[in-house]
2 protein chains.
Amino acid sequence: MGRKPTGRPTSFDIAYAAGVSQPTVSRALRGDRSVSEKTRQKIEQIARDLNYTVDKNASSLRSQRSNTIALLFFEDPTPDETMINPFFLAMLGSITKATADEGLDLLISFQRMEDDWHVQYQDSHRADGLILLGYGDYTKYRERMDQLARQGTHFARWGSVSSDSSGVTVGTDNVEAGRLAGEHLLDQGRKRIAFLGHADDHYPEFNGRYRGLCAAMRKAGIEPDDSLQVDALTTEEEGRQAAKTLLDRGAEFDAIFAASDLIAIGAMRALADAGLSVPGDVAVVGFDDIPSASMTTPPLTTVMQDIRGAGQILVETLLAQVEGRDLPPRKLPGKLIVRGSSVA
Amino acid sequence: MGRKPTGRPTSFDIAYAAGVSQPTVSRALRGDRSVSEKTRQKIEQIARDLNYTVDKNASSLRSQRSNTIALLFFEDPTPDETMINPFFLAMLGSITKATADEGLDLLISFQRMEDDWHVQYQDSHRADGLILLGYGDYTKYRERMDQLARQGTHFARWGSVSSDSSGVTVGTDNVEAGRLAGEHLLDQGRKRIAFLGHADDHYPEFNGRYRGLCAAMRKAGIEPDDSLQVDALTTEEEGRQAAKTLLDRGAEFDAIFAASDLIAIGAMRALADAGLSVPGDVAVVGFDDIPSASMTTPPLTTVMQDIRGAGQILVETLLAQVEGRDLPPRKLPGKLIVRGSSVA
DNA sequence: TTTCTTGTTGTGAACGTTCACTGTTGTTTT
DNA sequence: AAAACAACAGTGAACGTTCACAACAAGAAA
């Protein structure tokens with residue numbers, strides 16, 4: 001029936017069987033409206049019978065569109081390489097769904113920041129665009145992003161939304177979310193609120209959360225105490241260390257707002273080790289609402305980010321960019337999830 | 001410099017700049033040894049200067065090899081679509097690493113079992129092979145796998161290792177792991193051990209774990225009591241329900257071996273609700289060692305699967321298959337992680 | 001009737017590689 | 001010194017689509 005006795009059928013085989021030309025097959029299967037309904041159905045039927053599928057490579061090569069996006073996690077190297085930040089893992093689920101809804105394929109990669117790989121994804125036509133998820137020292141990533149932007153690579157990033165970085169960014173309104181957390185703690189009568197997490201511009205998301213907390217405190221007539229802010233990255237261990245530092249210093253505090261749940265969980269361990277009760281002695285609020293947050297004792301109060309919305313908006317934003325119409329950066333609201341760690 | 005005033009450089013541009021023919025460029029960049037060292041270096045240099053990368057689509061089209069594998073999660077539909085089983089999420093990390101090490105790209109998809117999509121991944125030349133991760137009613141998946149095998153699709157699956165299913169499977173030695181868990185509980189002096197999880201052939205992994213438990217008990221001279229086995233799927237809620245069923249029934253038991261950590265966590269909640277202490281009244285052992293397992297109170301004793309090894313072996317196995325040499329199925333050992341939920 | 005649409009299909013080329021051969025050197029063997 | 005063989009590079013075609021354009025029919029407008 002086909003030209004070749006062996007191998008997968010091609011559009012030529014379908015065309016032959018349907019008695020039309022090969023490009024007509026291509027058009028029909030793509031849903032091009034210039035093909036009559038009758039021939040389209042006939043072609044679709046034959047394609048199904050012969051178990052034919054369009055060759056993705058040939059299609060992408062010719063059309064210069066891969067209908068694929070690459071999801072790149074970039075982070076500072078960690079000891080355990082296969083361990084992924086739980087928050088981004090959740091994001092992955094949402095992005096997968098969003099890409100599937102748009103009929104896109106999703107490539108993923110966890111290349112470390114040292115590698116140049118991510119730069120090549122679009123150049124090599126593997127993907128039409130990139131979604132970047134990352135954490136760690138922001139200033140290190142900026143350079144890469146500028147490079148990507150210069151090369152005309154399409155990408156959308158999850159992170160702190162500001163105008164100073166190249167590329168479109170989607171992220172939670174961290175300042176507002178920090179304010180929510182702060183107000184909640186103040187409502188519980190807490191007055192000396194510690195912040196665990198880096199608070200300088202190298203970590204703009206954490207910085208925003210801290211600024212939100214400070215704003216809430218000032219509004220309540222309390223001047224934030226800088227000595228209650230301790231640097232920490234998003235790991236349980238750093239959270240434990242940070243809380244320990246605070247305790248060793250003899251600092252007085254009745255609440256902790258941690259920049260992430262992992263930090264909060266680590267901090268709770270340190271508090272338990274020191275014989276302090278949560279929320280009795282110290283109320284704790286985290287950020288992210290990772291699955292483990294509800295497993296702790298007491299369950300952790302935290303700020304949930306709109307993960308589902310995030311994935312969808314990231315994909316939308318990226319797709320728009322690929323198609324030449326740029327969408328503006330977007331800020332998503334965070335939502336306070338009150339659990340036992342902050343209320344009596 | 002090139003033939004075209006605009007757009008990405010092609011291998012022709014590199015060839016022109018290097019004063020060689022275009023196929024030589026292709027050969028050089030592929031590392032073909034029939035290109036002299038000198039010209040290879042020259043070509044590589046020029047390629048770097050011109051920011052050239054090989055077009056993945058053209059390359060894959062011509063060579064009929066995409067150097068990409070697709071990772072497909074298939075599961076029975078759940079209420080929250082973006083929620084992914086934590087164990088498979090961990091597996092994802094390991095598979096990503098393994099594919100990166102082999103220089104492969106990784107496509108992922110969470111298509112539900114209803115869809116036919118997964119069948120098309122290889123046909124459309126998107127991927128050279130498939131890795132299947134899934135849970136739920138096994139008998140439903142068998143049919144699909146037989147279909148894949150019939151079509152000559154290359155795939156490797158994570159799950160229960162047995163000879164009866166088509167395709168190569170890699171998995172933990174569930175019987176042995178179940179025995180480990182059982183022996184541990186028996187060592188703690190427990191005699192009436194309940195099993196929470198489906199134990200019929202529709203769920204061969206859980207079934208293996210149960211058989212292992214039974215074997216350990218018989219070896220210790222205790223005949224397993226069927227009434228202490230309660231069906232449950234891998235969710236916290238089902239675990240809670242299962243434990244509640246057991247309690248409502250007035251069953252006597254001093255230990256629970258849950259077929260997964262999520263089930264175990266749910267069961268611990270039910271025990272707490274009933275005023276029973278862990279491990280005082282009931283010792284609990286889970287399976288998987290998901291991140292949350294160490295967060296519970298008390299921390300959960302569990303069986304850790306060799307996730308890192310799993311990813312590597314799955315990729316190896318699949319790659320071998322693609323290259324025409326079949327590797328045998330593999331069983332990986334599980335490792336007991338003793339925490340507070342099972343020892344006093 | 002003639003001309004212009006509109007809808008549908010066919011034609012030839014192009015996307016950017018890799019593959020299978022054919023040449024061309026220069027070196028080794030007989 | 002002729003023949004044989006490497007080692008390397010070039011030539012033409014092929015992979016399976018999609019694109020731009022031409023061509024044809026049938027009905028509408030002139």
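Note that the coordinates shown come from a computational prediction; the quantities given were computed from them, not determined experimentally. The sequence lines fix the lettering, A, B, ..., with proteins before strands; numbering per chain opens at 1.
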So which one's nearest nucleotide on DNA chain C is more toward 5', S21(A) or P9(B)? S21(A)

Does this structure show an ion pair linking K97(A) with D101(A), if we count only N-O contacts that are shorter than 4.0 Å? yes

Let me know the distance between CG of N57(A) and P of dC15(D), rounded to the nearest Å. 14 Å

Hey, does the side chain of T39(A) reach the backbone of S36(A) with a donor-acceptor pair shorter than 3.5 angstrom? yes

Figure out the NE2/C1' separation between H125(B) and dT17(D), and round it to whole Å. 12 Å

Send over the distance from D32(B) CG to dA7(D) P, rounded to a whole Å. 13 Å

Less than 3.5 Å apart, any donor N or O on the side chain of Q147(B) or R150(B) sitting next to an acceptor on the other? no

With respect to the side chain of T24(B), which nucleotide from dT17(C), dG10(D), dT17(D) is positioned closest? dG10(D)

Rounded to whole angstroms, how far apart are CZ on R33(A) and P on dT6(C)? 15 Å

DNA chain D nearest-nucleotide lookup for R30(A) and G19(B): closer to the 5′ end is G19(B)

Verdict with reasoning, L104(A) to L319(A), per side chain to side chain contact (heavy atoms under 4.5 Å, CB included): CA-CA 10 Å; L104(A) 300 170; L319(A) 220 51; 3.7 Å; yes

How many Å lie between CZ on R126(A) and C1' on dG16(C), as a whole number? 15 Å

Just compare dG16(D), dA9(D), dT17(C) and give me whichever is closest to any side-chain atom of Y52(B). dT17(C)

Please give me every residue in residues 36-45 of chain A whose heavy atoms get under 4.0 Å of an atom in DNA chain D, ordered by residue number. none

Expressed as a whole number of angstroms, how long is the span from L29(A):CG to dG16(D):C1'? 13 Å

How long is the straight-line distance from CG of L72(A) back to OH of Y121(A), given to the nearest 0.5 Å? 6.0 Å

Does a side-chain N or O of S11(B) approach OP1 or OP2 of dT17(C) to a distance below 4.0 Å, or not? yes

Electrostatic pair D105(B)-K56(B), nearest N-O below 4.0 angstrom: yes

Contacts under 3.5 Å, N or O only, protein and nucleotides 12-14 of chain D:
{"unit_1": "dA14(D)", "atom_1": "N3", "unit_2": "R62(B)", "atom_2": "NH1", "d": "2.9"}

Sidechain N-carboxylate O distance under 4.0 Å for K42(B), E37(B): no

So, is Q64(A) close to the dT17(D) phosphate, meaning a side-chain N or O under 4.0 Å from OP1 or OP2? no

Among the candidates dT8(C), dA9(D), dC19(D), find the nucleotide nearest to the side-chain atoms of S63(A). dC19(D)

Can you tell me how far CG of L29(B) sits from OG1 of T53(B), rounded to the nearest 0.5 angstrom? 10.0 Å

Determine whether V170(A) and R157(A) satisfy the following criterion, side chain to side chain contact (heavy atoms under 4.5 Å, CB included), listing intermediate values before the conclusion. CA-CA 6 Å; V170(A) 175; R157(A) 190 177 72 91; over 6 Å; no

Measure from CG on N67(B) to P on dT17(C) and round the result to the nearest Å. 15 Å

Rounded to the nearest angstrom, tell me the gap between atom CD1 in I14(B) and atom C1' in dG10(D). 18 Å

Assess whether side chain to side chain donor-acceptor pair (under 3.5 Å) is satisfied between H125(A) and R8(B), documenting all intermediate values. CA-CA 10 Å; H125(A) 281 236; R8(B) 297 172 52 238; 3.3 Å; yes

Quiz item: R27(B) side-chain donor-acceptor pair to dG10(D) base, under 3.5 Å: yes

